[in-house]
S.K.: 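My structure is below; once you've seen it, I'll send some questions.
Keep in mind it's a predicted model, so treat the numbers as computed, not measured. Naming: A, B, ... by sequence-line order, numbering from 1 per chain.
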There are 2 protein chains.
Amino acid sequence: MRIPVQINESSAEPLYHQIETQLRSLIVTGQVAEGTLLPSIREFAADLKCSVITIRRVYQDLENEGLLRTRQGTGTFVTRVDTDDREEYKKQIVLEAVRSLLDAARSVGYSPEELKALVDETLRKEERK
Amino acid sequence: MRIPVQINESSAEPLYHQIETQLRSLIVTGQVAEGTLLPSIREFAADLKCSVITIRRVYQDLENEGLLRTRQGTGTFVTRVDTDDREEYKKQIVLEAVRSLLDAARSVGYSPEELKALVDETLRKEERK
DNA sequence: TAATGTGTGCTTATCAATATATACAGGAGC
DNA sequence: GCTCCTGTATATATTGATAAGCACACATTA
């Protein structure tokens, strides 16, 4: 199974953290179902063009959070998915991004109106794709 | 002069990078004017509760970009401000944030309508402050 | 059932980037 | 001169990222 993770080369956010955040999101939102066998660390590393160690760290961190279960010689599986706070989690993710957008806009002195216009315009462009 | 830089402790973005990005933005957008004497590295470091070295790195990087000029014993000044691409720069900053918001929304399966509603709601809340 | 092949994850050794504390050195002003 | 402000250099710890090889699990097959 292929896991849709996007690496942003130019970001200052550490590689392992980008992968970890996105994979966690995929699991918690249910886009990668409970019981799923994830790609092996080698396969995933080759896919993302990074080191095996980096993937291992991601799997290990998420295992410590209780989202994954790893067995040597076998692979890494998705375990628990708490569907209760799934919607809440999703909203948090988006709200976080909205807040950082507002910060950015304020930092360069964009008014709420200008910002709203820019968001609307971008949304329209996206829909046309 | 006090420089309004906000450190996000919980972010994975390196400290020096957070400071650098925000200070660059303040200079390029003209919120910190050409000729301004910035706080000394010690003063700034104390303000942000970080190491002197970290501030020095920021000043040095921005000096290499041509935005600052440093003289030992005297301090660090804002030099050039290219007002030509100021508006363009501002828009880029905001657009970048809009894009990452769209990414976040898509990654958790938020529809454009839901997203727009959330943005509007947040903007309204902000205005009431 | 023992041997082996090929897939897993794991360990070690290493390097680069980030961040720090502490001590050094130059300029301004009394 | 001295003193007190600047930035600068050195040495060190911590974290992020890598390569190469070790160890376990399981299926195949002699």
Side-chain angles (χ1 to χ4, degrees), chain A residues 1-3 5-24 27 32 35-79, chain B residues 1-3 5-24 27 32 35-79:
Chain A
M1 175 182 190
R2 174 143 198 310
I3 307 294
V5 167
Q6 286 291 332
I7 299 304
N8 182 354
E9 291 278 357
S10 61
S11 168
E13 185 185 357
L15 192 50
Y16 87 93
H17 199 271
Q18 292 188 39
I19 302 169
E20 205 172 295
T21 302
Q22 293 181 52
L23 182 53
R24 182 185 301 110
I27 294 170
V32 174
T36 302
L37 172 62
L38 292 178
S40 77
I41 57 176
R42 270 165 254 262
E43 195 180 342
F44 208 169
D47 179 20
L48 299 181
K49 293 172 184 35
C50 74
S51 157
V52 172
I53 316 287
T54 302
I55 302 298
R56 184 167 118 71
R57 171 165 184 182
V58 171
Y59 280 2
Q60 203 161 262
D61 286 354
L62 294 182
E63 178 164 21
N64 290 338
E65 291 179 20
L67 293 174
L68 299 181
R69 178 61 197 279
T70 271
R71 276 197 302 256
Q72 186 166 345
T74 307
T76 301
F77 300 84
V78 176
T79 56
Chain B
M1 175 180 191
R2 179 150 193 306
I3 306 294
V5 166
Q6 285 292 332
I7 299 304
N8 182 353
E9 292 278 357
S10 62
S11 167
E13 185 185 357
L15 192 50
Y16 86 93
H17 199 271
Q18 292 188 39
I19 303 169
E20 204 172 296
T21 302
Q22 293 181 52
L23 182 53
R24 183 186 300 111
I27 294 170
V32 174
T36 303
L37 173 61
L38 293 179
S40 77
I41 57 176
R42 270 165 251 262
E43 196 181 333
F44 208 170
D47 180 22
L48 298 181
K49 293 171 183 38
C50 74
S51 158
V52 171
I53 316 288
T54 302
I55 302 298
R56 183 165 120 70
R57 170 165 185 183
V58 170
Y59 281 3
Q60 203 161 260
D61 286 354
L62 294 181
E63 179 164 19
N64 289 338
E65 291 178 22
L67 293 175
L68 298 182
R69 178 63 197 281
T70 272
R71 276 197 303 259
Q72 186 166 349
T74 308
T76 301
F77 300 83
V78 176
T79 57

S.K.: Taking CZ from A:Arg56 and P from D:dA20, how many angstroms apart are they, rounded to a whole number?
M.R.: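 Between P of D:dA20 and CZ of A:Arg56: 18 Å.
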S.K.: Report the distance from atom NE2 of B:His17 to atom P of D:dT15, rounded to the nearest whole Å.
M.R.: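 Rounded to the whole Å, the gap is 20 Å.
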S.K.: Consider the side chain of B:Val52, meaning its heavy atoms from C-beta on, and name the nucleotide among C:dG9, D:dT8, C:dT11 that approaches it most closely.
M.R.: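 Closest nucleotide to the B:Val52 side chain: D:dT8.
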S.K.: If you check the A:Ile41 side chain, which of C:dC10, C:dT18, D:dT18 turns out closest?
M.R.: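 The answer is C:dC10, which lies nearest to the side chain.
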S.K.: Taking the minimum atom-to-atom distance to the side chain of A:Arg57, which one of D:dA17, D:dG16, D:dA23 wins?
M.R.: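 Given the options D:dA17, D:dG16, D:dA23, the side chain of A:Arg57 is closest to D:dG16.
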S.K.: Would you say D:dT6 has OP1 or OP2 under 4.0 Å from some side-chain N or O of B:Ser40?
M.R.: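 The answer is yes; a side-chain N or O of B:Ser40 sits under 4.0 Å from OP1 or OP2.
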S.K.: Are any of the side-chain heavy atoms of A:Leu68 and A:Val78 separated by less than 4.5 Å?
M.R.: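 A side-chain contact exists here, since the closest heavy-atom pair is under 4.5 Å.
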S.K.: Less than 4.5 Å apart, side chain to side chain, heavy atoms only: is that true for B:Phe44 and B:Leu38?
M.R.: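 No, every pair of side-chain atoms sits at 4.5 Å or beyond.
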S.K.: Tell me the interatomic distance from B:Tyr16, atom OH, to C:dA17, atom P, rounded to whole angstroms.
M.R.: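 Result: 9 Å.
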S.K.: Counting heavy atoms from C-beta on, name the nucleotide in C:dA21, D:dA20, D:dT8 closest to the side chain of B:Gln72.
M.R.: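 The nucleotide sitting nearest to the side chain is D:dT8.
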S.K.: By nearest atom, which of the nucleotides C:dT8, C:dA19, D:dA17 is closest to the B:Leu15 side chain?
M.R.: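 Of C:dT8, C:dA19, D:dA17, C:dA19 is nearest to the side chain of B:Leu15.
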S.K.: Measure the distance from CZ on B:Phe44 to P on C:dT20 and round it to the nearest whole Å.
M.R.: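 In whole Å, C:dT20 P and B:Phe44 CZ are 14 Å from each other.
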S.K.: From D:dC26, C:dG27, D:dT10, pick the nucleotide closest to the side chain of A:Thr74?
M.R.: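 Of D:dC26, C:dG27, D:dT10, D:dC26 is nearest to the side chain of A:Thr74.
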S.K.: Classify B:Arg42 by what it touches in the nucleic acid, base, sugar-phosphate, or nothing, heavy-atom distance under 4.0 Å.
M.R.: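 Since a base atom lies under 4.0 Å of B:Arg42, the category is base.
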